[in-house]
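Just so you know, these numbers come straight off a predicted model, no measurement behind them. Naming: A, B, ... by sequence-line order, numbering from 1 per chain.
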Amino acid sequence: MLTQMPKGTKDVLPAETARYQAMEALIREKTRLAGYQEIRTPVFEHTVLFTRSVGESSDIVRKEMYTFEDKGGRSITLKPETTAGVVRAFLEAGMHNQALPVKFYYLYSPHFRYEAPQSGRLREHHQFGVECFGAPEASADAEIIWLGMDLLKSMGITDVKLFINSIGCPVCRPAYRQTLLDYLHNKENLLCGDCNDRIDVNPLRVLDCKVPGCQAQLKDAPRMIDHLCDECKNHFASLQSLLDAAGLTYTVDTGLVRGLDYYTKTVFEVVSDTDRGPLTLVGGGRYDGLVEEIGGPSIPGVGFGMGMERVLAHLESLSEDQQKLKPVQSIPDLYIAPLDRSLAPIAFKLLMQLRTLGIKADMNHTTRGLRAQFKYADKLGAAYVAILGEDEVSKGVVKLRDMKSGEEWEVPLADAPDVMKNRIVKKSKEACAP
RNA sequence: GUGGGUAUGGUUCAGUCGGUUAGAACGCCAGAUUGUGGAUCUGGAAGUCGUGGGUUCGAAUCCCACUACCCACCCCA
């Protein structure tokens with residue numbers, strides 16, 4: 001091998017793509033019901049889009065972006081998240097002048113972050129996500145949270161916890177930030193080095209520190225939740241009553257702060273408890289200032305991202321009967337086995353006729369003998385094998401074998417496509433019957 | 001970025017104290033069955049032992065460096 005796949009990347013092999021396709025089909029159906037439309041944005045954007053939106057103080061911008069200069073001297077960054085690109089596209093297409101709210105989803109959007117890979121963490125990962133623009137009310141927040149939870153539930157993932165918090169808005173956060181700063185500066189010498197580095201850059205993140213000593217010191221730290229302005233307070237209360245109405249159980253985690261700087265008011269995470277510890281499957285929140293930050297009018301937004309690799313990995317850890325997402329198997333209905341290569345044109349013509357009729361068929365493409373062709377057809381799981389030898393051709397027939405029952409019969413070559421189609425359609429109906 | 005672990009046919013792994021031609025299982029190919037799959041049996045192909053250097057008469061084995069992957073911290077999806 002010349003090289004291997006780059007660190008932190010994953011090949012998705014056929015067994016796995018079938019699972020992705022099943023998940024994607026479910027996502028498309030659920031988002032359709034909720035009125036979200038698909039949007040696709042470029043894999044790379046101008047770097048400034050991310051430094052402005054995700055934020056200079058975030059870990060993503062500070063140390064994780066794949067940034068390079070292109071041949072035209074532009075600073076380009078492979079997208080570390082998709083929301084900023086969607087906002088940019090939304091504005092660039094002038095969609096903010098259309099009737100709002102407008103709702104988007106993106107599927108299998110690649111994200112690049114230069115991190116140290118480990119279980120559940122890659123340098124290239126893919127997210128499904130939704131964004132809703134122009135909906136200030138908490139019902140929009142509740143809608144996407146329900147959508148995320150419903151999707152997981154529909155796949156069979158129920159052993160997850162929903163955490164919510166409100167991190168305020170430009171009205172109330174500055175005052176709170178000052179209160180927190182005063183508190184933290186008093187504790188400076190009792191906190192770890194990381195915390196001290198973070199105090200002035202992003203004090204909210206200090207509250208998230210996992211060092212036990214810091215946690216003890218931060219027990220009595222002022223919490224945003226107690227310093228919300230009336231609007232934010234009402235919004236958060238409204239969100240909770242909506243989640244209650246939808247029958248969702250959740251935990252208010254006053255320490256929950258997200259890694260992107262653009263969030264306002266609602267933030268939330270859906271976390272799975274793996275045997276290796278907690279892992280966030282879905283994360284999101286409200287970003288009422290982001291559209292304006294990117295140069296548009298003041299339009300509120302709310303959205304989330306779901307880590308597709310993580311969700312599938314979690315699904316895989318569940319028992320077979322817990323998993324509701326069933327990948328579609330790729331099994332041919334019929335395999336054509338010509339005995340001799342000279343019969344290939346007849347076999348090929350039949351194959352093309354069958355496919356035109358919508359039958360999933362395949363034929364021998366090797367110099368193998370009949371016996372080996374049967375072995376191969378069996379490995380593919382073919383329901384029928386069509387045998388084409390000198391005997392059959394001289395009689396103008398093809399011999400069909402039902403691989404399950406072993407039954408064999410001869411069908412005139414001219415009628416073969418229709419006969420096979422009828423038989424396969426009938427059989428699949430029987431399989432569906434109760 | 002820091003710390004720990006690992007690296008041997010396609011896959012999962014064995015390989016003793018450094019010693020002759022590096023093994024097994026599964027998978028793959030073929031034959032037994034000259035035109036018929038699953039089971040069984042027989043045979044075959046497939047390895048620069050992660051890469052580069054060093055020690056040695058001799059290295060998969062010992063030493064050094066590098067790379068990759070896994071795990072943890074940090075952070076996140």
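Comparing A:Gly120 and A:Tyr114 against RNA chain B, the residue whose closest nucleotide sits nearer the 5' end is A:Tyr114. Between A:His126 and A:Leu339, it is A:Leu339 whose nearest contact on RNA chain B lies nearer the 5' terminus.
Picking from B:C76, B:G35, B:G38 the nucleotide with the shortest atom distance to the side chain of A:Arg113 gives B:C76. Distances were taken from every side-chain heavy atom of A:Lys375 (C-beta onward) to each of B:G37, B:U36, B:C69; the shortest belongs to B:G37. Closest to the side chain of A:Ala372, from the set B:U36, B:G37, B:A30, is B:A30.
In this structure, NZ of A:Lys395 is placed 13 Å from C1' of B:G35, rounded to the nearest angstrom. As rounded to whole Å, 12 Å separates atom C1' of B:G10 from atom CG of A:Leu13. If you take CG of A:Asp402 and P of B:U36, they are 18 Å apart, rounded to a whole angstrom. Computed from coordinates, the A:Tyr376 OH to B:A30 C1' distance equals 17 Å when rounded to whole Å. As rounded to whole Å, 15 Å separates atom C1' of B:C29 from atom CD of A:Gln373. Atom CD in A:Glu309 sits roughly 18 Å away from atom P in B:C76 (whole-Å rounding). The separation between A:Ile60 atom CD1 and B:C75 atom P is 13 Å, rounded to whole Å. Atom CD1 of A:Ile387 and atom C1' of B:G37 are 10 Å apart (whole Å).
Comparing the same atom, C1', in B:C28 and in B:U11 gives a spacing of 11 Å after rounding to whole Å. Comparing the P positions of B:C64 and B:G4 gives an interatomic distance of 13 Å, to the nearest angstrom. Taking atom P on both B:G38 and B:C29, the two are 12 Å apart, rounded to the nearest angstrom. Separating the C1' atom of B:G47 from that of B:A7 is a span of 14 Å, rounded to the nearest Å. Taking atom C1' on both B:C41 and B:U33, the two are 12 Å apart, rounded to the nearest angstrom. Taking atom C1' on both B:U61 and B:G15, the two are 9 Å apart, rounded to the nearest angstrom. To the nearest whole angstrom, the two P atoms, one in B:A14 and one in B:A25, are 16 Å apart. Taking the P atom of each, B:C26 and B:G44 are spaced 16 Å apart, rounded to whole Å.
Phosphate proximity of B:G35 to A:Arg371: absent, as no side-chain N or O sits under 4.0 Å from OP1 or OP2. For B:C70, one of the phosphate oxygens OP1 or OP2 lies less than 4.0 angstrom from a side-chain nitrogen or oxygen of A:Lys10. An OP1 or OP2 oxygen of B:C29 is reached within less than 4.0 angstrom by a side-chain nitrogen or oxygen of A:Lys379. The shortest distance between the side-chain N/O atoms of A:Gln118 and the OP1/OP2 oxygens of B:C70 is not below 4.0 Å. Dashed line: the shortest gap from a side-chain N or O of A:Ser119 to OP1 or OP2 of B:C71 is under 4.0 Å.
In this structure B:A30 sits in a base pair with B:U42, meeting the Watson-Crick or G-U test at under 3.5 Å. Pairing of B:G3, defined by two Watson-Crick or G-U wobble distances under 3.5 Å, is identified with B:C71. Across all strands shown, B:C66 pairs with B:G50; the Watson-Crick or G-U wobble distances both stay below 3.5 Å. Pairing for B:G19 goes to B:C57, judged as Watson-Crick or G-U wobble with the two contacts each under 3.5 Å. Pairing of B:A25, defined by two Watson-Crick or G-U wobble distances under 3.5 Å, is identified with B:U11.
Here A:Met306 lies out of heavy-atom contact (under 4.0 Å) with every strand. Within 4.0 Å (heavy atoms only), A:Glu115 reaches at least one base atom of the nucleic acid. Note on A:Gly284: nothing from the nucleic acid sits closer than 4.0 angstrom, heavy atoms only. Residue contacts shown for A:Ala116 include a base, since a base heavy atom lies under 4.0 Å away. At a threshold of 4.0 angstrom between heavy atoms, the contacts of A:Pro6 are confined to the sugar-phosphate backbone, with no base atom among them. Using a 4.0 Å heavy-atom distance criterion, A:Glu408 is classed as a base contact. If you check every strand for non-hydrogen atoms under 4.0 Å, A:Leu281 touches sugar and phosphate atoms only. Among the heavy atoms of the strands lying under 4.0 Å from A:Val282 are primed sugar atoms or P, OP1, OP2 only; no base atom is included. Nucleic acid contact class of A:Leu260 (heavy atoms, under 4.0 Å, all strands): sugar-phosphate only.
Atom CZ of A:Phe44 has 12 or fewer neighbouring heavy atoms from other residues, nucleotides or ligands inside a 6.0 Å radius.
Evaluation of atom-type donor-acceptor distances gives no pair under 3.5 Å for the side chain of A:Arg121 against the base of B:C71. With hydrogens and angles ignored, no donor-acceptor pair closer than 3.5 Å exists between the side chain of A:Arg368 and the base of B:C29. The base of B:G35 sits within donor-acceptor range of the side chain of A:Glu392, with an N or O pair under 3.5 Å.
With salt bridges taken as basic N to acidic carboxylate O contacts below 4.0 Å, none links A:Lys421 and A:Asp333.
In terms of modelled atom types and a separation under 3.5 Å, the side chain of A:Arg123 and the main chain of A:Glu115 share a donor-acceptor contact. Remark: side-chain polar atoms of A:Thr366 are paired, donor with acceptor, to backbone N or O of A:Arg368 under 3.5 angstrom.
Here OG1 of A:Thr254 is found 11.5 Å from CZ of A:Phe163. Values are rounded to the nearest 0.5 Å.
No close placement of the A:Tyr183 and A:Tyr176 rings is indicated, their centers lying 6.0 Å or farther apart. The six-membered or imidazole ring of A:Tyr262 lies near that of A:Tyr287, with a centre-to-centre distance under 6.0 Å.
For the pair A:Arg401 and A:Tyr384, the cation-pi test (distance below 6.0 Å, angle within 45°) is failed. Cation-pi geometry between A:Arg113 and A:Tyr66 is not satisfied (NZ or CZ under 6.0 Å from the ring centre, within 45° of the ring normal).
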